[in-house]
Amino acid sequence: MDGSSIIERLMTTEGRSDPYPLYARAHELGAAAPAGAGTVLAIGHAAANQVLRNPAFALEDTEALVEADSRLAAHASVTLLGRSVLQRNAPDHGRVRSLLASAFNARRVAALRPAVEAAVARLLDGLAERGADGAPVDFMDAFAFRLPVEVICELLGVPPQDRYRFRGLAGDLTIALELIQDLGELDAADTAADELAGYFTALVAERRARPQDDLVSDLARIAAEAPGRISGRELLANLVLLLVAGFETTTNLLGNGLALLFRHPETAAGLRTGAVAPALFTDEVLRFDSPVQLTTRLAVADGLDVAGVPAPAGTWVMVLLGAANHDPARYRRPELFDPDRTDSQPLSFGGGAHFCLGSRLARMEAEVAVPALLDRFPRLAPGGVPTRRDRLVLRGYETLPVTVR
Ligand code: HEM
C-alpha cells in the first residue's frame, strides 16, 4: 500500500473508525512518504515533530486562499476559523496568541483547579441521579461534554444558561477541520459559524457595556482600546476558536479515556488504589487514542524535505499525529496501552508555534475527573454499545453508555 492509498483508506468510514492498522502500514513506508502529486505524509514521531517546529511548513493563508478562490468567501466556517490563531502565520499569529496565552499559563490553570473539582463533583451527582435506577446513561452527554464546556465557558464568561447549546454547534463547526472533499460538506459548519459569531458579537457588546472579570471582557477591552493588537474580527474568530477547541477535544479525551478503562480494568483498579498516576494515564490515553489525529501544513520555502522525502514549495504535508504516537521507532510495543510509560511526549497537542494553548487545562481536567469518577462509582461499567463519531481529524465517541450502580 502506498501513501495515496493509505490516505484514501483513512477517508473511508472504515478507516476513520479504526485508523491504527492503516498507520501500521504507513510506518512500513518509512518516516515520511509521498501521497500523490504535491502531498507528503509525515508519519514518524521525529518527522512529524520536525515539520510542526519548522516555520517554513506554514499554515495555508486562508485570506489568500479566499482571494484566489472566490467560492470560499461564501463559507463562513472557512473565513471564521481562518482568522483564528489556529490558522494564522507570523507575525499575526504571535501578536494575537500572546494576548490569549496568559489566560492559560500554569498559574491561571492551577487557580482553576478548585472550580474544576467543584464542577466534577456536581456533574458526578447528576450522573448518579440519572443512573440511580440502573439504567444506562450516556457518559458523553452527561459528563464528557459538560465538564470542559463548563470550564471554558466559565473562563470566557459565557453565562451558565447558554452553555449546553454549544455541543451541536461545535460538532458542526469542526467539520471544517476535517479533510473536505466537497465544499457542500461545509453547509452545517457554515450555519454553526454564523450562529457562534452572532452569539459572541452580542456577548462582546454586552461585556463592553458592563465588563466583568472574564476573558471576553478583557479581550473586548483590548480590541476597543488598541485594535492594532487584536481587531474586532480577530476577536470574534478567536473567541469561537477558544470555545470550540476548549471542549470538543477535551470531551474526546475523557470519552476515549473511559472507553480504554473499560478495556483495561487493571488500569482502573490501579487508578483507584493510586498505583497508576493520573498524569501518566492521561498521557497514555493521549498517545494511544489521540483526540486530534491529523493536521496539515504547506511548504512555503524551497529545498525542504520531510525525513528525506522532497517537499518543494507548495507541497501539502499531512502530519499524521495519531501515527506518530504509534511509531515503533519511538515507542516500544506501540500497540499496547501501557500507562507505565514515562517520557512519552505524544504529539497529540501538536508542537512548535501552534502548540495547543489549552494543553495544561485539558490535562488538569482529565487528572481531576478520571480518579473522581472511579472513586465515586466503584461499579462503573459499560451500559451498551458505544458509537464513534464518523470523523478522522477529531477522534471521539458520539455516545458511550455506562451504568453507575
Ligand atoms: C485533549 C484536549 C486537546 C487536544 C488533544 C488539543 C490539540 C490541539 C492541537 C493538535 C493543536 C495544534 C494544531 C496544529 O498545530 O495544527 C491545538 C491548538 C490549539 N488548541 Fe488545543 N487541544 C486540546 C484542548 C484544548 C483546550 C482545552 C483549549 C482551550 C482552552 C485549546 C485551545 C487551543 C488553541 C487556541 C490552539 C491554537 C494555538 C495556535 O495555533 O497558536 N485546546 N490543540
Next item on the list: Under the side chain to side chain contact (heavy atoms under 4.5 Å, CB included) rule, what do Leu298 and Thr296 come out as? Steps first, then yes or no, please.
Entry: CA-CA 7 Å; Leu298 184 67; Thr296 53; over 6 Å; no
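- At distances below 3.5 Å, not a single donor-acceptor pair connects side-chain atoms of Ser84 with backbone N or O atoms of Asn238.
- Side-chain contact between Thr174 and Arg391: present, with at least one pair of heavy atoms (C-beta onward) separated by less than 4.5 Å.
- With hydrogens and angles disregarded, no donor-acceptor distance shorter than 3.5 Å links the side chain of Arg16 to the backbone of Val393.
- Under 3.5 Å, the side chains of Asp138 and Thr399 contain no donor-acceptor pair of N or O atoms.
- By the 4.0 Å N-to-carboxylate-O rule, Asp141 lies close enough to Arg130 to be salt-bridged with it.
- Listed for the Thr201 side chain is a donor-acceptor partner under 3.5 Å among the backbone atoms of Ala197.
- By the 4.0 Å N-to-carboxylate-O rule, Arg272 lies too far from Asp375 to be salt-bridged with it.
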Item checked: Chi angles and distances behind the salt bridge (charged side-chain N to carboxylate O under 4.0 Å, His left out) call for Arg165, Glu195 -> CA-CA 11 Å; Arg165 61 193 264 208; Glu195 194 164 325; 3.8 Å; yes
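- When all heavy atoms of Pro114 and Ala111 are compared, the closest pair comes out as CD-O, 3.4 Å.
- A donor-acceptor pair shorter than 3.5 Å can be found between the side chains of His354 and His93.
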Next item on the list: Determine, stepwise, if the pair Asp340 / Leu280 fulfils side chain to side chain contact (heavy atoms under 4.5 Å, CB included).
Entry: CA-CA 7 Å; Asp340 285 339; Leu280 290 185; 5.7 Å; no
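- Nearest heavy-atom pair, Ser4 versus Ala35, reported as atom, atom and distance to 0.1 Å: OG-C, 3.3 Å.
- Residues satisfying the ring pair (Phe, Tyr, Trp, His ring centres under 6.0 Å) test with Tyr23, not counting sequence neighbours, are Tyr20.
- For His75, the ring pair (Phe, Tyr, Trp, His ring centres under 6.0 Å) criterion is met by no residue, not counting sequence neighbours.
- Remark: Arg287 is positioned above the aromatic ring of Tyr331, its terminal NZ or CZ atom under 6.0 angstrom from the ring centre and at most 45 degrees off the axis.
- Taking the side chain as every heavy atom from C-beta outward, Asn252 and Val292 never approach each other to under 4.5 Å.
- When atom types are taken as modelled, the side chain of Ser348 and the backbone of Leu286 share a donor-acceptor pair closer than 3.5 angstrom.
- For Asp338 against Glu284, the heavy-atom pair with the smallest separation is N-OE2, 2.7 Å.
- Counting non-hydrogen atoms of other residues, nucleotides and ligands closer than 6.0 Å to CD of Glu129 gives a total of 12 or fewer.
- Between the side chain of Asp190 and the backbone N or O of Ala76 there is at least one donor-acceptor pair closer than 3.5 Å.
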Next item on the list: Test Leu254 against Val285 for side chain to side chain contact (heavy atoms under 4.5 Å, CB included), laying out the working first.
Entry: CA-CA 9 Å; Leu254 296 171; Val285 176; over 6 Å; no
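- Arg363 has no carboxylate O lying under 4.0 Å from a charged side-chain N of Glu367, or vice versa, which leaves the two without a salt bridge.
- In this structure the side chain of Pro328 reaches within 4.5 angstrom of the side chain of His27, judged on heavy atoms.
- Although no hydrogens or angles enter the test, the distance criterion places a donor-acceptor pair under 3.5 Å between the side chain of Arg163 and the main chain of Val158.
- Counting only N and O atoms by type, the side chains of Asp2 and Ser5 include a donor and acceptor under 3.5 Å apart.
- In this structure, CZ in Arg389 is found 9.0 Å from OG1 in Thr251, a value given to the nearest 0.5 Å.
- Using a 30° and 60° split on the angle between ring planes, Phe281 and Phe337 fall in the perpendicular class, above 60°.
- Other residues, nucleotides and ligands place more than 12 heavy atoms under 6.0 Å from the CZ atom of Arg113.
- Listed for the Gln293 side chain is no donor-acceptor partner under 3.5 Å among the backbone atoms of Leu394.
- Applying the 6.0 Å contact sphere to CD of Glu335 captures more than 12 heavy atoms from other residues, nucleotides or ligands.
- A distance-only check finds no donor-acceptor pair linking the side chain of Arg97 to the backbone of Leu86 [under 3.5 Å].
- Using a cut-off of 4.0 Å between Lys/Arg side-chain N and Asp/Glu carboxylate O, Arg376 and Asp125 are scored as salt-bridged.
- Under the 4.0 Å criterion applied to side-chain N and carboxylate O atoms, Arg167 and Glu248 are not assigned as salt-bridge partners.
- No side-chain heavy atom of Met318 sits less than 4.5 Å from a side-chain heavy atom of Val40.
- Taking 4.5 Å as the limit, some side-chain heavy atom of Leu235 sits within range of a side-chain heavy atom of Val204.
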Notebook entry, point to check: Arg297 and Trp316: side chain to side chain contact (heavy atoms under 4.5 Å, CB included), yes or no, with the steps?
Noted result: CA-CA 6 Å; Arg297 293 293 191 269; Trp316 271 106; over 6 Å; no
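- Residues Leu65 and Asp61 have side chains not in contact (no heavy-atom distance under 4.5 Å, counting atoms from C-beta outward).
- Using a cutoff of 4.0 Å between basic side-chain nitrogens and carboxylate oxygens, Asp289 and Arg388 are scored as salt-bridged.
- A 6.0 Å sphere centred on CG of Asp18 holds more than 12 heavy atoms belonging to other residues, nucleotides or ligands.
- Residues Thr250 and Ala362 come closest through the heavy atom pair OG1-CB, 3.8 Å.
- Using a 4.5 Å heavy-atom cutoff, the side chains of Leu243 and Val240 are not in contact.
- Side-chain contact check for Leu373 versus Leu258: some heavy-atom pair is nearer than 4.5 Å.
- Under the 30°/60° scheme for interplanar angles, the aromatic rings of Phe200 and Phe166 are found to lie parallel.
- For Asp218 and Arg207, the salt-bridge test fails: no basic side-chain N is under 4.0 Å from an acidic carboxylate O.
- In terms of modelled atom types and a separation under 3.5 Å, the side chain of Ser98 and the main chain of Gly94 share a donor-acceptor contact.
- Considering all non-hydrogen atoms of both residues, Gly322 and His326 come closest at O-CD2, 3.4 Å.
- Between the side chains of Thr403 and Arg405, no donor-acceptor pair of N or O atoms lies under 3.5 Å.
- Atom OG1 of Thr13 is separated from atom CG of Leu392 by 11.0 Å, given to the nearest 0.5 angstrom.
- More than 12 heavy atoms of other shown residues, nucleotides or ligands fall within 6.0 angstrom of atom CD in Glu266.
- Checked for salt-bridge contact, Arg95 and Glu234 meet the test: a charged N lies under 4.0 Å from a carboxylate O.
- Using a distance-only test at 3.5 Å, with no hydrogens or angles considered, no donor-acceptor pair links the side chain of Glu150 to the main chain of Leu147.
- Using a 3.5 Å distance cut-off with no hydrogens or angles, the side chains of Tyr199 and Asp162 do pair a donor with an acceptor.
- Atom CG of residue Leu347 and atom CG of residue Leu320 lie 11.0 Å apart, to the nearest 0.5 angstrom.
- The heavy-atom pair separating Leu203 from Pro159 by the smallest distance is CD1-CD, 4.2 Å.
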Note to self: If you apply the rule side chain to side chain donor-acceptor pair (under 3.5 Å), what do you find for Thr191 with Asp194, and how did you get there?
What the structure shows: CA-CA 5 Å; Thr191 307; Asp194 283 335; over 6 Å; no
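- Side chain to side chain, Asn105 and Ser102 fail the donor-acceptor criterion of an N or O pair below 3.5 Å.
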